[in-house]
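Being a predicted model, the structure only gives us computed values, none of them experimental. Chain naming here is simple, since letters A, B, ... match the order of the sequence lines and numbering starts at 1 in each.
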There are 2 protein chains.
Amino acid sequence: MPVPQPPVPPEPRRPLTLRDVSEASGVSEMTVSRVLRNRGDVSVATREKVLAAAKGLGYVPNKIAGALASQRVNLVAVVIPSLGNLVFPEVLAGVSETLEDTGLQPVFGVTNYSPDREEAVLYEMLSWRPSGVIVAGLEHSDAASAMLRNAGIPIVEIMDVDGEPIDSVVGISHMRAGREMARAIVAAGYRRIGFLGTKMPLDHRARKRMEGFEAGLAEAGLALADREFYSGGSALAKGREMTQAMLARSPDLDFLYYSNDMIGAGGLLWCLGQGLDVPGKIGLAGFNGVDLLDGLPVRLATMDACRREIGQQAAKIVAGQSGSGLIGGERIELTPRLQPGDTIRKA
Amino acid sequence: MPVPQPPVPPEPRRPLTLRDVSEASGVSEMTVSRVLRNRGDVSVATREKVLAAAKGLGYVPNKIAGALASQRVNLVAVVIPSLGNLVFPEVLAGVSETLEDTGLQPVFGVTNYSPDREEAVLYEMLSWRPSGVIVAGLEHSDAASAMLRNAGIPIVEIMDVDGEPIDSVVGISHMRAGREMARAIVAAGYRRIGFLGTKMPLDHRARKRMEGFEAGLAEAGLALADREFYSGGSALAKGREMTQAMLARSPDLDFLYYSNDMIGAGGLLWCLGQGLDVPGKIGLAGFNGVDLLDGLPVRLATMDACRREIGQQAAKIVAGQSGSGLIGGERIELTPRLQPGDTIRKA
DNA sequence: CTTCCGCCCGTTAGCGTTAACATAGCAGGC
DNA sequence: GCCTGCTATGTTAACGCTAACGGGCGGAAG
């Protein structure tokens with residue numbers, strides 16, 4: 001009759017394995033494995049004995065071995081261009097939150113808007129055989145697209161729906177967002193319109209927004225009266241500087257469209273500081289709906305990019321909880337709502 | 001004489017293994033492995049043949065099997081309380097950037113300031129046998145501390161140095177940051193001082209800052225004249241509301257210390273909107289040094305928390321690049337610099 | 001010519017876990 | 001008593017890769 005072992009103080013060096021727990025509790029490794037995974041029938045007595053031994057030893061299972069044996073991995077790869085842009089942490093938060101009680105674990109990678117790095121990051125992540133991939137954008141290198149297509153797991157491209165997805169896609173149409181903003185501005189009677197944005201040839205979504213915006217203006221026979229791009233630095237400060245520069249250069253502008261809310265807020269603060277009549281003499285609008293703006297003295301017109309919801313929906317798809325019954329190839333287009341704020345004249 | 005195989009179009013279903021590449025290129029699996037890892041001697045001819053086959057097939061190595069066999073894992077676990085607080089994405093960015101060319105890959109987990117979730121997240125991450133752990137804060141559950149201590153890998157606790165680290169630590173002293181801010185405020189002649197912060201009993205760093213602040217005031221025989229806490233919502237908006245509320249309640253306050261820059265900025269905007277004399281009649285200060293503030297009409301006094309640098313240093317330690325020669329147990333205390341901005345009277 | 005060494009490559013034996021199957025023990029029906 | 005059908009546990013063989021070692025081959029050294 002085996003004497004119950006007292007919990008052994010964790011002997012530091014050799015890493016513990018199932019065998020250690022099995023020896024400490026007097027059952028086979030398989031039974032320990034069953035207990036720790038709550039799978040299969042194990043008597044209550046055995047279960048408790050095993051759990052006590054595992055806790056006493058401080059055993060932490062080795063998922064590497066487990067994943068290899070079971071061919072199942074609870075990781076989800078999440079690939080985003082940047083952490084500096086407010087938007088992506090919010091998406092991550094949505095993903096993280098939704099995955100929380102699915103047993104899935106997000107693994108993040110950052111590409112810095114570089115297709116080469118995206119390819120490298122994806123290769124690295126796929127080599128861990130995750131059970132799904134969430135990746136920002138629809139534009140990838142050929143090699144990256146091929147990898148994703150052949151991975152045999154759910155792929156969700158997020159943020160943007162203007163293009164051909166590999167598998168599933170969750171996002172908004174940035175083209176349409178730009179166009180609708182243009183229409184709203186034109187409808188409010190503005191005519192001489194300037195654009196201020198980031199100088200990032202690889203930020204396809206910003207580009208699409210601008211293209212949509214110009215298309216919207218064109219519908220009314222208008223074109224951009226001026227434009228300016230920046231890169232780096234504090235967005236709020238850049239917004240001030242660019243606004244000042246543009247209005248010095250083109251004093252007759254009556255509207256400024258900013259490619260994101262932070263530079264928009266900077267521009268707004270500058271205009272207010274100058275005592276300009278907003279939205280009477282000059283209107284302003286940004287993009288994103290960052291809740292930060294709720295605290296500004298005047299609310300900037302913007303359009304919600306549904307960031308958190310994008311993360312949530314994408315996570316649901318990889319977790320197989322989308323409720324659509326589809327097995328892939330889902331397409332969820334969210335609709336950004338125009339929030340007119342106080343910086344566009346009422347039509 | 002083996003005929004060179006033309007690249008086979010990737011047959012979709014069965015996942016590729018080394019064996020497939022080895023068969024396609026006519027060498028052993030071991031040689032393929034060597035080529036793919038750039039390890040050991042392989043002739044140029046063989047190398048090229050193998051690389052061509054691997055690329056042709058679209059082979060992606062299986063790191064799970066590789067890690068199990070080699071007992072080496074290129075993952076670094078990074079555990080943070082929240083993604084909503086601007087601070088942590090910045091730390092992540094520092095980590096991610098520094099790890100970029102070390103072959104190490106960060107894996108992030110979020111605890112929502114819950115010790116239980118922290119424990120669960122750590123257990124989950126340690127079960128992947130990462131080669132290092134970076135975790136925010138020095139306060140952990142007993143079980144979590146034990147796990148970390150027994151993991152046998154570098155552990156770096158970050159953000160905070162006020163306490164007993166498990167292994168290495170990189171951060172600032174929040175106690176001291178609070179105290180120094182108090183001294184600067186007292187030195188500038190302010191006497192009736194209010195505190196505005198988050199209602200988060202589990203945010204130990206915010207608590208330490210406040211304690212340090214009160215200690216600093218006590219040195220001058222002062223105590224907080226009023227205090228207010230919030231939770232949730234847009235920080236900028238909360239800053240406005242709380243400031244308004246506090247000044248309505250305690251109109252004789254001459255200084256407001258905010259536990260973070262966002263609520264501080266909200267308060268600042270409100271004060272400016274009210275036409276209050278800042279910093280003459282009332283002074284303001286925040287904490288963090290978010291570069292966002294560079295764009296405000298008036299620069300808020302703050303203290304840089306060295307977020308990105310914390311991430312970088314922590315990453316260096318786990319990557320073994322700290323340059324200290326130490327094998328663990330490093331302690332890096334960074335010094336937050338007071339940035340007086342325009343919201344404290346010149347002494 | 002032999003010996004030795006370095007290059008290039010193959011063979012063997014795990015890494016720690018789990019799937020799948022085998023088996024022991026026991027209750028109950030006939 | 002024998003077989004059926006459980007439940008609780010053990011045994012075996014992977015999973016895909018790499019560490020460690022072994023060996024053929026060719027040229028340089030003796």
Peer 1: For R19(A) and dG16(C), give me the distance from atom CZ to atom C1', rounded to whole Å.
Peer 2: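 R19(A) atom CZ is separated from dG16(C) atom C1' by 10 Å.
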Peer 1: What is the distance, to the nearest angstrom, from the CZ atom on R37(A) to the P atom on dT17(C)?
Peer 2: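 After rounding, the reported distance stands at 11 Å.
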Peer 1: Side chains of V50(B) and V27(B): closer than 4.5 Å at any heavy-atom pair?
Peer 2: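 Result yes, sub-4.5 Å side-chain heavy-atom pair found.
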Peer 1: Any side-chain donor paired with an acceptor under 3.5 Å for T111(B) and S114(B)?
Peer 2: no
Peer 1: May I have the distance from E23(B) (atom CD) to dG10(C) (atom C1'), rounded to whole angstrom?
Peer 2: 15 Å
Peer 1: Expressed as a whole number of angstroms, how long is the span from L18(B):CG to dG10(C):P?
Peer 2: 13 Å
Peer 1: Think Y59(A) has a side-chain N or O under 4.0 angstrom from the OP1 or OP2 of dG16(C)?
Peer 2: no
Peer 1: Nearest whole angstrom, please: distance from the P of dA19(D) to the CD of E29(B).
Peer 2: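 In whole Å, dA19(D) P lies 15 Å from E29(B) CD.
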Peer 1: What's the CE-C1' distance between M30(A) and dT18(C), to the nearest Å?
Peer 2: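 It is 5 Å, rounded to the nearest whole Å.
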Peer 1: Any side-chain N or O of T17(B) under 4.0 Å from OP1/OP2 of dG16(D)?
Peer 2: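 T17(B) to dG16(D) OP1/OP2: no side-chain N or O under 4.0 Å.
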Peer 1: Testing the 3.5 Å rule here: is there a donor-acceptor pair between the side chains of S43(A) and R47(A)?
Peer 2: no
Peer 1: Taking side chain to side chain contact (heavy atoms under 4.5 Å, CB included) as the test, write out the residues that go with A120(B), two or more places apart.
Peer 2: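 Checked A120(B) against side chain to side chain contact (heavy atoms under 4.5 Å, CB included); zero matches.
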Peer 1: Please name all residues satisfying side chain to side chain contact (heavy atoms under 4.5 Å, CB included) with Q321(A), sequence neighbours left out, ordered by chain then number.
Peer 2: T102(A), K316(A), A319(A)
Peer 1: Expressed in angstrom and rounded to an integer, what is the separation of K63(A) atom NZ from dG16(C) atom P?
Peer 2: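 It works out to 18 Å between those atoms.
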Peer 1: Taking atom types as modelled, is there a side-chain donor on E124(A) or N74(B) under 3.5 Å from an acceptor on the other?
Peer 2: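 N74(B) and E124(A) do have a side-chain donor-acceptor pair below 3.5 Å.
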Peer 1: Within a strict 4.5 Å, meaning less than it, do heavy atoms of the V121(A) and M125(A) side chains meet?
Peer 2: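 V121(A) reaches M125(A) side chain to side chain.
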Peer 1: Which label fits F108(A) and F108(B): parallel for a plane angle under 30°, tilted from 30 to 60°, or perpendicular past 60°?
Peer 2: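 Answer is tilted, since the angle falls between 30° and 60°.
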Peer 1: Ignoring backbone atoms, establish whether S43(B) has a side-chain N or O less than 4.0 Å from OP1 or OP2 of dC9(C).
Peer 2: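 Checking dC9(C) against S43(B), a side-chain N or O does come within under 4.0 Å of OP1 or OP2.
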Peer 1: Using side chain to side chain contact (heavy atoms under 4.5 Å, CB included) as the criterion, list what pairs up with E97(B), not counting sequence neighbours.
Peer 2: R308(B), Q312(B)
Peer 1: Looking at DNA chain D, which of residues 65-74 of chain B put a heavy atom within less than 4.0 Å of it?
Peer 2: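 By residue number: A65(B), G66(B), A69(B), S70(B), R72(B).
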Peer 1: Whole angstrom is fine here: how far is it from CG in L36(B) over to P in dA19(D)?
Peer 2: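 These atoms are roughly 13 Å apart.
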Peer 1: Just to be sure I understand the rule, does N62(A) reach a base, reach only the sugar-phosphate, or reach nothing, if contact means heavy atoms closer than 4.0 Å?
Peer 2: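 Sugar-phosphate, no base atom in range.
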Peer 1: Think T31(A) has a side-chain N or O under 4.0 angstrom from the OP1 or OP2 of dA8(D)?
Peer 2: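 The answer is no; no side-chain N or O of T31(A) sits under 4.0 Å from OP1 or OP2.
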Peer 1: Can you see if the side chain of R39(A) gets near the phosphate of dT17(C) - specifically, an N or O under 4.0 Å from OP1 or OP2?
Peer 2: no
Peer 1: Base, sugar-phosphate, or nothing for R34(A), non-hydrogen atoms under 4.0 angstrom?
Peer 2: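 Since a base atom lies under 4.0 Å of R34(A), the category is base.
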Peer 1: Could you work out how much the helix from dC1(C)-dG30(D) to dC30(C)-dG1(D) bends, comparing the axis of its first five pairs with that of its last five, to 10°?
Peer 2: 50°
Peer 1: Between side-chain atoms of residues 155-166 of chain A and protein atoms elsewhere (two or more places apart, or another chain), which donor-acceptor pairs fall under 3.5 Å?
Peer 2:
residue, atom, partner, partner atom, Å
E157(A), OE1, I166(A), N, 2.6
E157(A), OE2, H140(A), NE2, 2.8
D160(A), OD1, D162(A), N, 2.9
D160(A), OD2, K208(A), NZ, 2.5
D162(A), OD1, S173(A), OG, 2.9
D162(A), OD2, S173(A), OG, 3.3
D162(A), OD2, H174(A), N, 3.1
D162(A), OD2, M175(A), N, 3.1

